[in-house]
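Lettering follows sequence order; numbering is per chain, from 1.
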There are 2 protein chains.
Amino acid sequence: MSRSDRCEISHIDEEHVRAVAPRLVDGLTATRLAETFKALSDPTRVRILSALSQGELCVCGLAAVLGMSQSAVSHHLRLLRTLRLVKADKRGRMVYYTLDDAHIEGLFRQGMEHVAHE
Amino acid sequence: MSRSDRCEISHIDEEHVRAVAPRLVDGLTATRLAETFKALSDPTRVRILSALSQGELCVCGLAAVLGMSQSAVSHHLRLLRTLRLVKADKRGRMVYYTLDDAHIEGLFRQGMEHVAHE
DNA sequence: CTCATATCTGAACATATACTCATATGTTGC
DNA sequence: GCAACATATGAGTATATGTTCAGATATGAG
């Protein structure tokens, strides 16, 4: 941002601004939070998580349920694995995925409530 | 996806796949959910919402708190407005923003819990 | 070992995103 | 009316994202 900022903040807000600033989430936390939500910010991944909320599935099964290529699903699963939203369990040549964290279903439900609120 | 798909799904999973498919979130709902989460998928917006969770702020105040240009903040606020995560209240030439929906704070908290779980 | 299968991965490409800059709109005070 | 200010918006640009395609890796069957 350039310091051509002329905005001096109205006198009423000035103290509020100073009070809010130190209580803000720090940059690293904000980035981590954003990454978690980013995992849920794609319709395909939402559907993957929705499917897994009903029990474990192999990659092949997920691809079948979603009507997508195995490769596309695998790419998404890698992202979800990295962010620890899903767990992979390799059994033979199959890899079974499950939700990693109970919070995920909670996030899901609350998101649904917001969407329903229209 | 190309129908060069040869994956026939292991016999064990086959019935599970058929059971899961009809209970999946539909495409429109998945897209809406994804859009809501996308709103939270950027560190700047996370910080905006964190700031607003402490009370209303004008655009100028937000820009000051975040150390960003007024324009950048305004662009983000438009997105958040469109998705009904924040409300705008114009008073004179100032526009004060607040969180629109109690669910947002809940989402926030649950996201934090997941991030804390490392 | 060889072949088929299940999954993963990297490159390529089209689209989406976040910011900056310049400018437009709308409000207040003169 | 005009000037100063708060906010909104459109164009431009650099970067990120989602998918496809081709090919790599790994397991199981024969």
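Between Phe37(B) and Phe37(A), the ring planes lie parallel to each other; the angle is under 30°, not in the 30° to 60° tilted range.
Of the candidate nucleotides dT7(C), dT20(C), dA6(D), dT7(C) has the atom lying nearest to any side-chain atom of Cys58(A). Checked against dT7(C), dT7(D), dT19(D), the side chain of His76(A) finds its nearest nucleotide in dT19(D). Closest to the side chain of Cys60(A), out of dT20(D), dT7(D), dT7(C), is dT7(C). Which of dA8(D), dT7(C), dA6(D) sits closest to the side chain of Arg81(B) comes down to dA8(D).
For Thr44(B) against dC19(C), no side-chain N or O and base N or O form a donor-acceptor pair under 3.5 Å. Put simply, the side chain of Ser71(A) and the base of dT19(D) share no donor and acceptor less than 3.5 Å apart. Judged by atom type and distance alone, His75(A) does not reach the base of dT17(D) through any side-chain donor-acceptor pair under 3.5 Å. Counting atom types as modelled, Gln70(A) pairs no side-chain N or O with a base atom of dA6(C) as donor and acceptor under 3.5 Å. If you check distances only, the side chain of Ser69(A) never reaches the base of dC21(D) with a donor-acceptor pair under 3.5 Å.
Summarising the geometry, the separation between CD on Glu56(B) and P on dA6(D) is reported as 16 Å, rounded to the nearest angstrom. Spacing between atom CG of Leu66(A) and atom P of dT19(D) amounts to 10 Å, rounded to whole angstrom units. Rounded to an integer number of Å, the gap from CE of Met68(A) to C1' of dT7(C) is 15 Å. Between Ile48(B) atom CD1 and dT7(D) atom C1' the separation is 14 Å, expressed in whole Å. Following rounding to the nearest Å, Leu77(B) (CG) and dT7(D) (C1') show an atom-to-atom distance of 10 Å. One can place CG of Leu79(A) at 14 Å from P of dA16(D), the figure rounded to the nearest angstrom. The distance from atom CG of Asp42(A) to atom P of dT17(C) is 11 Å, rounded to the nearest whole Å. Atom CG in Leu80(A) sits about 10 Å away from atom P in dG18(D), given to the nearest Å.
A 4.5 Å side-chain heavy-atom check between Gln110(A) and His114(A) finds every atom pair outside the cut-off. When side chains are defined from C-beta on, Leu85(B) does not count as touching Asp101(B), because their heavy atoms never get closer than 4.5 Å. Leu80(B) is listed as a side-chain neighbour of Leu49(B), based on a closest heavy-atom distance under 4.5 Å. Here the side chains of Val17(B) and Leu57(A) are in contact, with some heavy-atom distance below 4.5 Å.
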- Going 5' to 3' along nucleotides 24-30 of chain D, which nucleotides have protein heavy atoms under 4.0 Å from the base (write B), which only from the sugar-phosphate (write S), and which from neither (write -)? --SBS--
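Distances shorter than 4.0 Å separate some side-chain N or O of Tyr97(B) from OP1 or OP2 on dA8(D). For Arg78(A), a side-chain nitrogen or oxygen approaches OP1 or OP2 of dG10(C) to under 4.0 Å.
Residue order along DNA chain D, read from the 5' end via each residue's closest nucleotide, puts Val59(B) first among Lys38(B) and Val59(B).
Side-chain atoms of Arg23(A) never come within 3.5 Å of backbone atoms of Ala51(B) as a donor-acceptor pair (strictly under, hydrogens ignored).
With both pairing distances under 3.5 Å, dG30(D) is matched to dC1(C) as a Watson-Crick or G-U wobble pair.
Checked for salt-bridge contact, Glu56(A) and Lys87(A) miss the test: no charged N lies under 4.0 Å from a carboxylate O.
For Arg81(B), the CZ atom sits in a packed shell: over 12 heavy atoms of surrounding residues, nucleotides or ligands are nearer than 6.0 Å.
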